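See structure below.
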Amino acid sequence: FRSDAAPDAAPDAASAPTISSFTASFTRVRAGRQVQLSAEFSGGTGSISGGVGAIASGGSVDSGAVTQDTTFTLTVTNPDGVSVTQDLAIDVATRLWVANYGAASVSRFDASSLHGDLAPAATLAGAMTELSQPSGVLQVGDQLFVSDQGRDAVFVYDNAATLNGDVAPVRTISGTNTYLLNPRGLAVVGNELYVVGDTGILVFPLDANGSVSPTRLVPLMANEYGIDLRMVADEVHVSLGIDAVRTYPADGDGATPPLR
């Protein structure tokens with residue numbers, strides 16, 4: 001932070017701008033694709049790094065072509081020069097992860113050579129992994145998130161780029177407080193992890209660990225269970241085990257009805 005106060009004085013927290021959200025239409029893309037960056041903030045003007053430039057609160061801008069793993073930084077600065085920042089990582093898909101539900105393993109293939117009958121470049125498997133019936137896989141930066149129906153858990157592994165063999169998770173989201181039941185699809189928006197399964201749509205802090213309560217829970221309709229989900233702007237699209245897709249608001253909580 002910087003302010004016009006005396007050199008040894010701390011900036012007045014009350015005068016600092018605030019960032020409510022900084023999100024992308026996708027956090028994992030093919031090389032050369034672009035994403036839409038959206039932000040909500042108050043108390044200042046916004047700018048995004050990486051040559052993106054100015055953004056208005058409540059607005060969206062194109063990122064330009066993303067050719068490699070990139071972290072965009074939103075900076076909001078007030079008239080006194082006090083600034084706050086928030087980072088958003090976009091991962092370029094050079095690896096394809098596949099959950100092997102019946103084999104208690106997760107395999108990685110190099111996306112540049114996907115064709116025909118080829119062996120995986122790496123396989124995560126073994127007692128230390130704690131995998132039982134992995135279902136969903138999502139790489140976020142250099143961490144790999146795996147949902148496991150057999151454990152009613154989400155496992156998080158470090159060093160996704162080199163992950164291979166019998167490696168223990170660094171974090172595990174599981175326990176009665178989580179309400180996880182047959183978790184399947186995973187998505188990340190900003191600092192939140194979305195998980196869908198039999199319970200509904202569960203939202204956790206991205207750094208959640210242990211038997212933690214979700215920050216939000218949107219139950220699905222009667223006799224429905226979630227298979228997978230995708231985030232587009234401020235909406236969650238959920239594929240269901242009844243051959244249907246429902247769309248919910250991303251900030252939904254409690255008995256939130258679907259948008260369509």
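The structure displayed is predicted, hence computed values, not measured ones.
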Residues in side chain to side chain donor-acceptor pair (under 3.5 Å) contact with R151, at least two apart in sequence or another chain: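 Residues passing side chain to side chain donor-acceptor pair (under 3.5 Å) with R151: none at all.
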Pairing residues for S132 by the side chain to side chain donor-acceptor pair (under 3.5 Å) criterion, not counting sequence neighbours: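 For S132, no residue satisfies side chain to side chain donor-acceptor pair (under 3.5 Å) once neighbours in sequence are set aside.
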Do other residues, nucleotides or ligands put more than 12 heavy atoms under 6.0 Å from the CZ atom of R171?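 Atom CZ in R171 is packed in, count exceeds 12.
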Are the side chains of [X] and [Y] in touch, meaning some heavy atoms are under 4.5 Å apart?
X    : Y    : value
Q36  : S63  : no
S83  : V76  : no
F155 : L144 : no
V106 : V98  : no

Please, which pairs that meet salt bridge (charged side-chain N to carboxylate O under 4.0 Å, His left out) have at least one residue in [range], sequence neighbours excluded?
range            : result
residues 197-222 : R184-D198, E192-R216
residues 52-65   : none
residues 16-25   : none
residues 241-260 : E224-R246, E235-R260

All side chain to side chain contact (heavy atoms under 4.5 Å, CB included) counterparts of S20, not counting sequence neighbours: E40
Tell me every residue that passes side chain to side chain contact (heavy atoms under 4.5 Å, CB included) with S147, counting only those two or more places apart in sequence or in another chain. S135, V154, P183, L186
Report the C-alpha separation of Q143 and D158 in whole Å, then their side-chain angles, then the decisive distance to 0.1 Å, and conclude whether the side-chain contact (heavy atoms from CB on, under 4.5 Å) test is met. CA-CA 5 Å; Q143 288 196 316; D158 272 345; 2.7 Å; yes
Could you tell me which residues satisfy salt bridge (charged side-chain N to carboxylate O under 4.0 Å, His left out) with D87, sequence neighbours excluded, listed by chain and number?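 Counting only residues at least two positions away or on another chain, D87 forms no salt bridge (charged side-chain N to carboxylate O under 4.0 Å, His left out).
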Give the intermediate values and the outcome of side-chain contact (heavy atoms from CB on, under 4.5 Å) for residues L180 and I173. CA-CA 9 Å; L180 288 171; I173 306 171; 4.1 Å; yes
Residues clustering with L181 (ILVMFWY side chains joined when closer than 4.5 Å, directly or via others): none
Who clusters with V245? Use side-chain heavy atoms, under 4.5 angstrom, across I, L, V, M, F, W and Y, and order the result by chain and number. none
List, one per line, each side-chain donor-acceptor pair under 3.5 Å for residues 43-58, sequence neighbours excluded.
from: S49; atom 1: OG; to: T73; atom 2: N; distance (Å): 2.8
from: S57; atom 1: OG; to: F41; atom 2: N; distance (Å): 3.0
from: S57; atom 1: OG; to: F41; atom 2: O; distance (Å): 2.8

Test side-chain contact (heavy atoms from CB on, under 4.5 Å) applied to L217 and I201, step by step: CA-CA 6 Å; L217 191 165; I201 305 168; over 6 Å; no
Regarding S105 and N100, is there a side-chain donor-to-acceptor distance under 3.5 Å anywhere?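 Indeed, the side chains of S105 and N100 share at least one donor-acceptor pair under 3.5 Å.
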For a side-chain contact (heavy atoms from CB on, under 4.5 Å) check, start with the C-alpha distance between T18 and V84, then their side-chain angles and the critical distance, and finish with the verdict. CA-CA 7 Å; T18 59; V84 292; 6.0 Å; no
Is there a donor-acceptor pair under 3.5 Å between the side chain of D80 and the backbone N or O of V82? no
